[in-house]
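Have a look at the structure below before the remarks.
In this text, all values refer to a predicted model and were calculated from it rather than measured experimentally. Naming convention: chains lettered A, B, ... in sequence-line order (proteins, then strands); numbering from 1 in each chain.
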Amino acid sequence: MIDLALLERHGLTRDEYDRIVRTLGRAPNETELGIFSVMWSEHCSYKSSKVHLRRLPTRGPRVLQGPGENAGAVDIGDGLAAVFKIESHNHPSFIEPYQGAATGVGGIIRDIFTMGARPVALLNSLRFGPLDRPLTRRILEGVVAGIGGYGNSIGIPTIGGEVAFEPGYAGNPLVNVLCLGIARRDALVKGRAAGEGNPVYYVGAGTGRDGIHGATMASAEFDERSAEKRPAVQVGDPFMEKLLLEACLELMKTDALVGVQDMGAAGLTCSTSEMAARGGAGMEIDVALVPQRESGMTPYEIMLSESQERMLLVVKAGREAEVARIFEKWDLHAVKIGVVTGGGLLRVKDQGEDVAVAPTAALVDEAPVYERPMQEPAYLREVQALEPAMLTDARPPEAAFLALLETPAIASKRWIYRQYDHMVRTNTIVLAGMGAGVVRVKGTTRALAVSVDGNGRYGYLDPERGAMLAVAEAARNVACAGAVPIGATNCLNFGNPERPEIMWQFARAVDGITAACTALGIPITGGNVSLYNETDGRPIDPTPVLGVVGLIEHAERALGRVFRAAGSAIVLLGENFGELGGSEYLKTVQGLVRGRPPRLDLARARALQGLVAALAADGLIQSAHDCSDGGFAVALAECAFDSGGVGAVVDVAGASLEAPYDLAAATLFGESASRVIVSVDPAQLEATLACAAAAGVPARAIGETGGAHLIMAVDGVVAIDCALAEAERRWATGLDRFFAGRAA
Amino acid sequence: MKARVFVTLKPSVFDPQGRTVAEALHTLGYDAVEGVRQGKYFELDVRAGTPGEARALAAEVADKLLANPVIESYRIEVGEV
Amino acid sequence: MKARVFVTLKPSVFDPQGRTVAEALHTLGYDAVEGVRQGKYFELDVRAGTPGEARALAAEVADKLLANPVIESYRIEVGEV
Amino acid sequence: MRFAVVVFPGSNCDHDAYHAVKHVLGAEAAFVWHKDTDLAGADVVILPGGFSHGDYLRTGAIARFSPVMASVAAFAAAGGPVIGICNGFQILLEAGMLPGAMLRNRGLKFLCEHVHLRVERTDTPFTALCSEGQVLRLPIAHGDGNYYAAPAVLAALEAEGRVIFRYAGPDGRVSDAGNPNGSLNNIAGICNEARNVVGLMPHPERACEAALGSADGLVVFRSVVASLAGKGALRAVAREA
Ligand SMILES: Nc1ncnc2c1ncn2[C@@H]1O[C@H](COP(=O)(O)OP(=O)(O)O)[C@@H](O)[C@H]1O
Ligand SMILES: [Mg+2]
């Protein structure tokens, strides 16, 4: 009996149920109800976000694969493609930090190698509550260990990432993971089923009851099973995935494969129906043939299980022996569970008896799409107002500077990235912590730079601008590595879309990404939406995270943030407006989350991004680092950290154009966008400045590297003069100090 | 006093380590080992007046630290081996 | 039949995990836990005629695979818990 | 000169070792699958890093039973040079081809970073071109690199000069501060009695090109080439094995 309570447990509305009945021309049985419920869930159908995502710019001359497949792909020359995507594993990481993060890594890696690409790098974007809470520390330790545990084991370097700490994430941490792979452009594999009669194979781990959508489970027949028996937590098995990865890539070198898709969310249901729908085909499988690691599983459970490390393959009929041989070599079983059929039906059998039949188009393409109501949140006006009188902490700039250096958001992330193998595969040419992650592409002269960025505080204060700034920052970071941005992926982390304020934030963020990506010429090739990030009615800050991939023509020209030698000229590119709104300074020093985030002139951002990449490509500059959290002062200090003791002496022009704030604070800690600090051999200074002028980017030589101090003057008045060693100690231990015990 | 805590994955939680060990044993010809589950084992030296007290203390630290209640359960034995 | 194998580091081998757990417990105020040693615990499902047979099989696989004699020793129990 | 790089299920530095010897060093290289018993006419065998069998149970514990290991042992017994890097070292320990065992790092965390090693002995095929006391900057990437051996074994290793690499500071001074994982006597690498089997936790194959942050590891591979070139006879023996 299907009643309202059952629908509710499946997360379906009455209207949606009626739609299912209309589609089928009859009432669904429970297995079918389960199948529809997961396919029409927010997670699989994007029903709240779809109308907005359509606005994103997805085209570009290099785009080989835009949104819609397992991952996006862009052309990087030499017949190769960069394949990449970002995904969230927020909720699972809160429930079980280690396994949640680990299986998140496993999932995104599968998305990449299903495209026929060898995964070559991982990045992560993390958000937690304040670190002084024991729960936050426990979650952080688990998440970092889980990311490392999976990535290190499977042998894909984690080359970069970002992490922030804000109260809004205390009950809902964010774990977003990006994976980058490289494929031959003519050998990209699609998640598509085609060719009537072609066999459908199941490979990888056995199916268990893990991950079956807890809330959608219970029904009259299932009641006797306790929740204990069906935990939502999945345990990652990186060893299994390593075998799967190698076996699949080996199979892809033959031409026996028609299509492949991993079993991620909604497992077998999603992979069968999506593959069939993409190929305009049907599919017939028998769940009795599915390898199971628990006894007595029902068809419902088998179809909805989200057990990890499983893949669905469609193979050309007649090539079965090759498949068997390759998977046997890797001690894996490839099991034929069905065939591709004509027509457009997904037909699920259990020992030959039909247990569910539904049109794949109805499951995939005809899922509901909502234009949910939107409304500007009432809080915005209030928090955007920032008056100089609100800044009550009169700490001198040097004290504020040191406080910023050791705040966890800014402090060195070494405690995190040293737990990640960031060198395996011997491609990492800008080591972790030194800027954007950069991996060379063996067999070519090229390298790829990747950065993930986002700022939830900016998103909270102005979702549209926050999203634009996230795009610009990620692009600037890869430009600072010497790369030209060629593609982007995005992970949109928001609260409950059924609330008009959240939907408004979401729509504005998409507008911001659209505007920025269009202006900067960076197509979006895919991404992920994570909604319902709320605990006890408190939504997270709107957090769009952008991953930008950039291309470096000559790998040896790749740059890091760090000064190379004493005696170099320091040049500030871009213009400082002394904008304090939303800054780390306001938060850490003044205890304020207020104002509007910095303005972003997209034309200037584009000019700067092009200039920095060109200066690097021409070998004119020695290092480049962008000004972001903590503003100019922190960025300059970061250029000196890890340099082996190369300090700096600079004098910058005062800037406090917005309001009469403390001039030194606004100049040094304001976070105006589109600024980059570069170091230059004095012999190249003139040429560098000339290039900047030609590109229309303001540029000023502001000082030089060297000495054992960081000395920063504003309009000739020294505001900060501190020993580099002391500043670096504060920065280097800012995270570690929260974790008891020895790190080594 | 000695308290011993055995921490195991809950029955329905997948145990990749146990599975891998079982497969290795099969490769080595030990087919009579049909299944393996791997867990953790802690020996605690506790200052306690009675076995009951030792058990209570062990249960408390197991709840708090030794076991992850989301995926694991535990069992306690008190006394010398 | 069930055979349970407990693998522990030999007393003379420093146990970094046990020490860390003990330190964490002291930080949490559990000073009555004076020492912790961490080991591994295996539950084997074995096909065996008698408990003695099961024990012999478990000992063989422990010697061969489950324990590393350079650093570890093991103990076996047979039968249901 | 031909290097065999053994591939276990879960090896993940196999391609790195292959790249280093083939594309940087310019030698021949071939992968050998762990189920094979033929070492493909190798002059040198590399057991690469990674997570063989997921490092489940214990690092290297399952891999040592791979069919290829009998051939590796025979090759070593005949004097052929064998190097185990990271997981490869752990496999050699589990296989009993080198003494001792690995415990978890004392900080219990996986660590990936550059460390400094002091070369203690140059009388192995893999350190022949080093100078004694030379400091190499190589990356580590492991969670179980805390070397342990029973007191008598440790004493013998030291007495016989079989400690080949020790963790040290940049100046070559051996101290606890330079010890990333708690290894006894700061041991980072050792050899067998015959000195032809070497195991080390740091990754020389990741440090063969300046672009990767250090080229200090190349000397390890160049050494074995030089020592084999100087020992035509050894090579013939090795071929027969
Ligand atoms: N979670 C993380 N994982 C890996 N690397 C990280 C992580 N967080 C930060 N990093 C690294 O630390 C460095 C500084 O990070 P961040 O302050 O976000 O840089 P930026 O300000 O240039 O965006 C970067 O090289 C980054 O890749
Ligand atoms: Mg950043």
Looking at side-chain heavy atoms only, is the closest gap between C:V33 and B:D45 below 4.5 Å?
no

To the nearest 0.5 Å, what is the distance between CZ on C:R37 and NZ on B:K2?
9.5 Å

State, to 0.1 Å, how close B:K64 and C:L28 come at their nearest heavy-atom pair, and which atoms those are.
CG-CD1, 4.1 Å

Can you say whether B:F42 sits under 4.5 Å from chain C via the side chain, the backbone, both, or neither, judging by heavy atoms?
both

Applying the ring-ring contact (aromatic ring centres under 6.0 Å, His included) test to B:Y41, which of C:Y74, C:Y41, C:F6 qualifies?
C:F6

Verdict with supporting geometry, B:K40 and C:K40, side chain to side chain contact (heavy atoms under 4.5 Å, CB included):
CA-CA 5 Å; B:K40 290 182 205 136; C:K40 291 181 194 131; over 6 Å; no

Distance in Å, B:E34 CD paired with C:R47 CZ, rounded so as to fall on 0.5 Å steps
4.5 Å

Close contacts, residues 53-62 of chain B versus chain C, judged by heavy atoms under 4.5 Å:
B:L57, B:E60, B:V61

Residues in salt bridge (Lys or Arg N to Asp or Glu O under 4.0 Å) contact with B:D63, at least two apart in sequence or another chain
none

Contacting region of C:L44 [heavy-atom separation from chain B under 4.5 Å]
both

CG (B:L65) and OG1 (C:T20) are apart, to the nearest 0.5 Å, by 10.5 Å

State, yes or no, whether a side-chain contact exists between C:T8 and B:E43 at a heavy-atom distance under 4.5 Å.
yes

